[in-house]
Amino acid sequence: MPLALLALAVGAFGIGTTEFVIMGLLPEVADDLHVSIPTAGHLVSAYALGVVIGAPLLAALTSRMSRRTVLIGLMALFVAGNALSAFAPGYDSLMAARFLSGLPHGAFFGMGAVVATTMVAPERKARSVSLMFLGLTVANVVGVPAATLMGQHLGWRATFLGVSAIGLVAIASLVLLIPHDHAHAPVVGLRRELAALKSLPVWLALGTTVAGFGALFSAYSYITPMLTDAADFADGSVTLLLALFGVGATVGNLVGGRLADHSLRGTLFGGLTSLAVVLALFPLLMSTQWTAALAVVLLGVAAFVTGSPLQLMVMEKASAGPSLASSANQAAFNLANAGGAWIGGLALAAGFGATSPALAGAVLAVLGLGVAATAATVDRRRSVPGRERVVATHVPHEAEALRH
């Protein structure tokens, strides 16, 4: 695997840290800016809104630019957003800075996934995507806890300065390690990118992402009350248990990337099935503390086994113009975050019990399986053979040029 993937992983690490660390710093931010914690919680939504808007918009605006230049520019925007967050004088300015920080998120992952797949041999496409996503999962194990501790001891502004520093390291890594691809990468253009996005298989792949990761966030958004109310863990134990989720997510991400290089669709079906089973067993697993800890790990593994296959599936179906669709898939991830949390909250509000969001997630995972099965049926009816690993076959000249 080329060292350039390390540069993408460093950027993903910084993005993952800033996305999730705000949740652990809401009390400090609320106290310093003299707002309520629920009001401070809107900062999470502002970032997510930035991702959803920025992912397709920035991908479209940069469709004719060098991918290397775009990645560096997106990370520069990320650094600016976090630096502005650190020096925000009030709540409204912090809200705007968080929105700005979210804008490059989806486009960076989307463009980064396209670049990653062009730098490796055809049989390593999914693994290259999983190694970039490794930065995101490791952020949940190391970056978020460390940044949270920094914010609690040095102030929340220090956390965003620290994340800005990570962004600067990522920019340096991108400059040094990403090949100059402007002479080799084909100029696709916005019209071709939009045409690729009109495909029914692309939208079925995006729908699978929304349902599959909506299943995860339906449960994960309410994992703390499950652990404390159903499994009787003390509040102080939750941070360690969430780190266990990050460990599971990291393992699932790496395993999913390796398996998807052998069977993309088989890995996707297997991951969604495993996710549905784990979520359905949550009420039983939450009955004792050791099985509850196991459930948290298994949830991370089962959910993130599907991460690389889903990203690669979207790129495959939009192979004529993959950058916009790849970035749109990141917007779909964030829609899944918001939609899954909403559905899980409905289950809790209906009085179905502390573990009911997991059961709602199991239903969403089954829905994801249904969408994936529909996509497979559409593919068979179109009678296009050999499409399990097609990303590389569409751009062999580009991959060969970048490897040299």
Side-chain angles (χ1 to χ4, degrees), residues 4 6-22 43-89 92-116 132-133 135-136 139 143-144 147 156-178 180-182 185 190 193 323-334 337:
L6 175 62
L8 296 174
V10 172
F13 178 82
I15 289 173
T17 300
T18 201
E19 179 180 16
F20 293 107
V21 74
I22 187 64
L43 296 169
V44 178
S45 302
Y47 184 93
L49 181 62
V51 177
V52 173
I53 293 176
L57 178 63
L58 292 179
L61 291 176
T62 59
S63 61
R64 301 186 68 87
M65 296 175 61
S66 158
R67 292 168 182 168
R68 179 178 183 272
T69 301
V70 171
L71 287 171
I72 294 170
L74 291 172
M75 192 50 57
L77 182 59
F78 169 81
V79 171
N82 281 280
L84 289 172
S85 297
F87 294 106
D92 291 338
S93 57
L94 180 58
M95 179 80 77
R98 286 296 290 170
F99 175 80
L100 180 64
S101 299
L103 286 176
H105 176 131
F108 182 88
F109 276 104
M111 183 70 72
V114 174
V115 170
M132 183 188 70
F133 283 177
L136 180 63
V144 173
W156 62 270
R157 296 178 187 275
T159 294
F160 289 113
L161 285 176
V163 172
S164 297
I166 295 172
L168 292 174
V169 172
I171 290 175
S173 301
L174 292 168
V175 170
L176 293 173
L177 299 177
I178 297 293
H180 288 271
D181 66 346
H182 64 275
L190 180 57
E193 293 276 3
S323 296
L324 181 56
S326 183
S327 298
N329 195 48
Q330 294 301 313
F333 277 119
N334 278 267
N337 189 338

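Annotation for A107 and L58: closest pair CB-CB, 4.0 Å, computed over non-hydrogen atoms. The heavy-atom pair separating P56 from A331 by the smallest distance is CD-CB, 4.5 Å. The heavy-atom pair separating M111 from S327 by the smallest distance is N-OG, 4.1 Å. Taking both residues in full, the closest heavy atoms of Q330 and G110 are given as CG-N, 4.0 Å, listed atom of the first, atom of the second, then distance. Scanning both residues, H105 and I15, for their nearest heavy atoms gives ND1-CG2, 3.1 Å. Residue L77 comes nearest to P104 through the heavy atom pair CD2-CD, 4.0 Å, listed as atom of the first residue, atom of the second, then distance.
With hydrogens and angles disregarded, no donor-acceptor distance shorter than 3.5 Å links the side chain of S93 to the backbone of A88. Side chain of N82 to backbone of F78: a donor-acceptor contact under 3.5 angstrom is found. With hydrogens and angles ignored, the 3.5 Å screen pairs a side-chain donor or acceptor of S101 with a backbone N or O of G81. Within the 3.5 Å criterion, the main-chain N or O of G112 finds no donor-acceptor partner in the side chain of R67.
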Step by step, would you call V175 with R68 a side-chain contact (heavy atoms from CB on, under 4.5 Å)? CA-CA 8 Å; V175 170; R68 179 178 183 272; 3.9 Å; yes

Set out, in order, the CA-CA distance, both residues' side-chain angles and the distance that settles side-chain contact (heavy atoms from CB on, under 4.5 Å) for L8 and L174, then state yes or no. CA-CA 7 Å; L8 296 174; L174 292 168; 4.1 Å; yes

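Residues N329 and F333 have side chains in contact (heavy-atom distance under 4.5 Å, counting atoms from C-beta outward). Side-chain contact between T18 and I166 is absent, with no heavy-atom pair separated by less than 4.5 Å.
Note: W156 and F160 have perpendicular aromatic rings, judged against thresholds of 30 and 60 degrees for the angle between ring planes.
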